[in-house]
There are 2 protein chains.
Amino acid sequence: MASTRTELAIKAGYLFQQRGYHGVGLSEILESAGVPKGSLYHHYPNGKADLALAAAEIAATEVLRIIDASFDEAATYRDGVTTYCYKLAKYFDIHEGKIGCPVSATLLGGPDNAVFRETLSAIYSRWMDRLAEHAVRFGQSAAQADHNARRLFLSLEGSWTLARARGDSNVIRELPSLVCEAT
Amino acid sequence: MASTRTELAIKAGYLFQQRGYHGVGLSEILESAGVPKGSLYHHYPNGKADLALAAAEIAATEVLRIIDASFDEAATYRDGVTTYCYKLAKYFDIHEGKIGCPVSATLLGGPDNAVFRETLSAIYSRWMDRLAEHAVRFGQSAAQADHNARRLFLSLEGSWTLARARGDSNVIRELPSLVCEAT
DNA sequence: CAAATAATAGACCGGTCGGTCTATTTGATA
DNA sequence: TATCAAATAGACCGACCGGTCTATTATTTG
């Protein structure tokens, strides 16, 4: 098992993704991670807010990892997009369709804090930049790559929401044909 | 002023859209609407949950109205999309960039309730269907129309999220060039 | 081994949560 | 005007919230 500190952030992350920052109480997080309250405030002196930022950071990095894994093994840009969407759909299913974008529920639902919004904005930019890098690697111009990265990202955010509402991950799997021009 | 019942739902809606179902307390809703607690439970016997459903329904209808207003006065499908996005961006600005999709924060952030998810799913379908109807009206085939409606809807949901994170409504205004093929 | 530090453990606190309940006021109807 | 339901008003409740604090146990380090 990961360190207590990491374990807390991961478990808190799952819960935040399901029911939002204010929808989850500390007691539930603590119980889910099997950790007493003293440990939480030892590792995260600012409590819930710290924990949410850490959880978002971990989730954001995990998504970057998935992006790389998807595009590194791809033959074309569209292949990468397809693999990426399938991996995310699988992730969605594993969590019983109760989970949305790994960071938006945590950070947008949180306190009206500027730090939260800026962190979220930075994470989104990181994702889009990475997607664009891969697009460039497959021969797209910088402008094309940015265009396609943003298009994919925005649609994906929407798909996550629609998938949760419908309880159906296929919405995510259908994305490639929606965002990529017909071959 | 609208009836107490409607006023409550509207004000509650704005607050839910900003901070999610669990992020807003009854006391704040009551204060915002200038209504005592007794009235709330008179008009909405099931309390907060009822109120959220009513708020979502009102917001959903308002969006349909905006869709119609945008496409009815348009010369082409793309014109309609552009007007639609501009209207929504303006709505976003009016509320100081603190507001997201008028229904997702309210219903997805709410109780883990099946009714909430089904209501949300139905609202989304209504929006996409209406968008597709207008697309057909501009000469698109049923398949094209569905494709474009879903593409617009998903990107728009994403744009709302990104706009909130960045505090910038231009993300929404840039949508038409992102989701419509180059003219 | 001794001392210091890190980490765990959980009792406890004031405040706020959503919800209930009784009382009063308002407005329609006879 | 008398009656009755609709609506308003807000005191009150137990539960839970995030957070603080002290005590104890592990772990490192001299």
Side-chain angles (χ1 to χ4, degrees), chain A residues 1-56 58 105-116 119, chain B residues 1-56 58 105-116 119:
Chain A
M1 189 176 89
S3 69
T4 299
R5 190 188 151 86
T6 308
E7 183 71 8
L8 265 172
I10 291 177
K11 289 293 172 60
Y14 289 146
L15 290 169
F16 286 146
Q17 286 163 45
Q18 289 180 45
R19 295 203 303 284
Y21 182 84
H22 292 292
V24 185
L26 287 189
S27 61
E28 190 177 358
I29 296 172
L30 264 11
E31 188 186 357
S32 154
V35 158
K37 195 170 269 195
S39 297
L40 193 168
Y41 281 90
H42 173 76
H43 293 290
Y44 299 97
N46 290 329
K48 200 182 187 184
D50 266 11
L51 190 54
L53 289 170
I58 288 180
T106 306
L107 295 181
L108 264 186
D112 202 1
N113 194 330
V115 175
F116 271 51
T119 301
Chain B
M1 188 175 91
S3 70
T4 299
R5 190 187 149 85
T6 308
E7 183 71 8
L8 265 173
I10 291 177
K11 289 294 172 58
Y14 288 146
L15 291 169
F16 286 146
Q17 286 163 46
Q18 288 180 45
R19 296 203 302 284
Y21 182 85
H22 292 292
V24 185
L26 287 189
S27 61
E28 190 177 358
I29 296 172
L30 264 10
E31 188 187 357
S32 155
V35 158
K37 195 170 267 192
S39 298
L40 194 168
Y41 281 89
H42 173 75
H43 294 290
Y44 300 97
N46 290 330
K48 200 182 186 185
D50 266 10
L51 190 53
L53 289 170
I58 288 179
T106 305
L107 295 182
L108 265 186
D112 203 1
N113 195 329
V115 175
F116 271 50
T119 301

Considering all heavy atoms, the nearest [X]-[Y] contact:
| X | Y | value |
| --- | --- | --- |
| B:I58 | B:A9 | CD1-CB, 3.6 Å |
| A:L26 | A:Y41 | CD1-OH, 3.5 Å |
| A:A56 | A:L107 | CB-CD1, 3.7 Å |

| task | State whether B:E28 and B:R19 are salt-bridged, where the test is any N-O pair (Lys NZ or Arg NE/NH1/NH2 against Asp/Glu carboxylate O) under 4.0 Å. | result | yes
Using whole Å, what does the distance between atom [atom2] of nucleotide [N] and atom [atom1] of [X] come to?
| X | N | atom1 | atom2 | result |
| --- | --- | --- | --- | --- |
| A:K37 | D:dA23 | NZ | P | 19 Å |
| B:L30 | D:dT8 | CG | C1' | 11 Å |
| A:H43 | D:dA26 | NE2 | C1' | 12 Å |
| A:D50 | D:dG19 | CG | C1' | 13 Å |
| B:Y41 | D:dC13 | OH | C1' | 13 Å |
| B:L8 | D:dT8 | CG | C1' | 12 Å |

| DNA chain D: A:G38 or A:Y21, which has the more 5' nearest nucleotide? |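 Looking at DNA chain D, the more 5' nearest nucleotide goes with A:Y21.
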| request: Name the orientation class of the two ring planes belonging to B:Y21 and B:F16 (parallel below 30°, tilted from 30 to 60°, perpendicular beyond 60°). | output: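 The arrangement is parallel - the two ring planes meet at less than 30°.
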| request: Give B:K48 one of three labels, base, sugar-phosphate or nothing, depending on what nucleic acid heavy atoms sit under 4.0 Å from its own. | output: sugar-phosphate
| query | When you list every nucleotide of DNA chain C with an atom under 4.0 Å from a heavy atom of chain B, which one comes first 5' to 3', and which comes last? | reply | C:dC17 to C:dT20
| message | Quick one: does any side-chain atom of B:E7 pair with a main-chain N or O of B:S3 as donor and acceptor, under 3.5 Å? | response |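 Absent.
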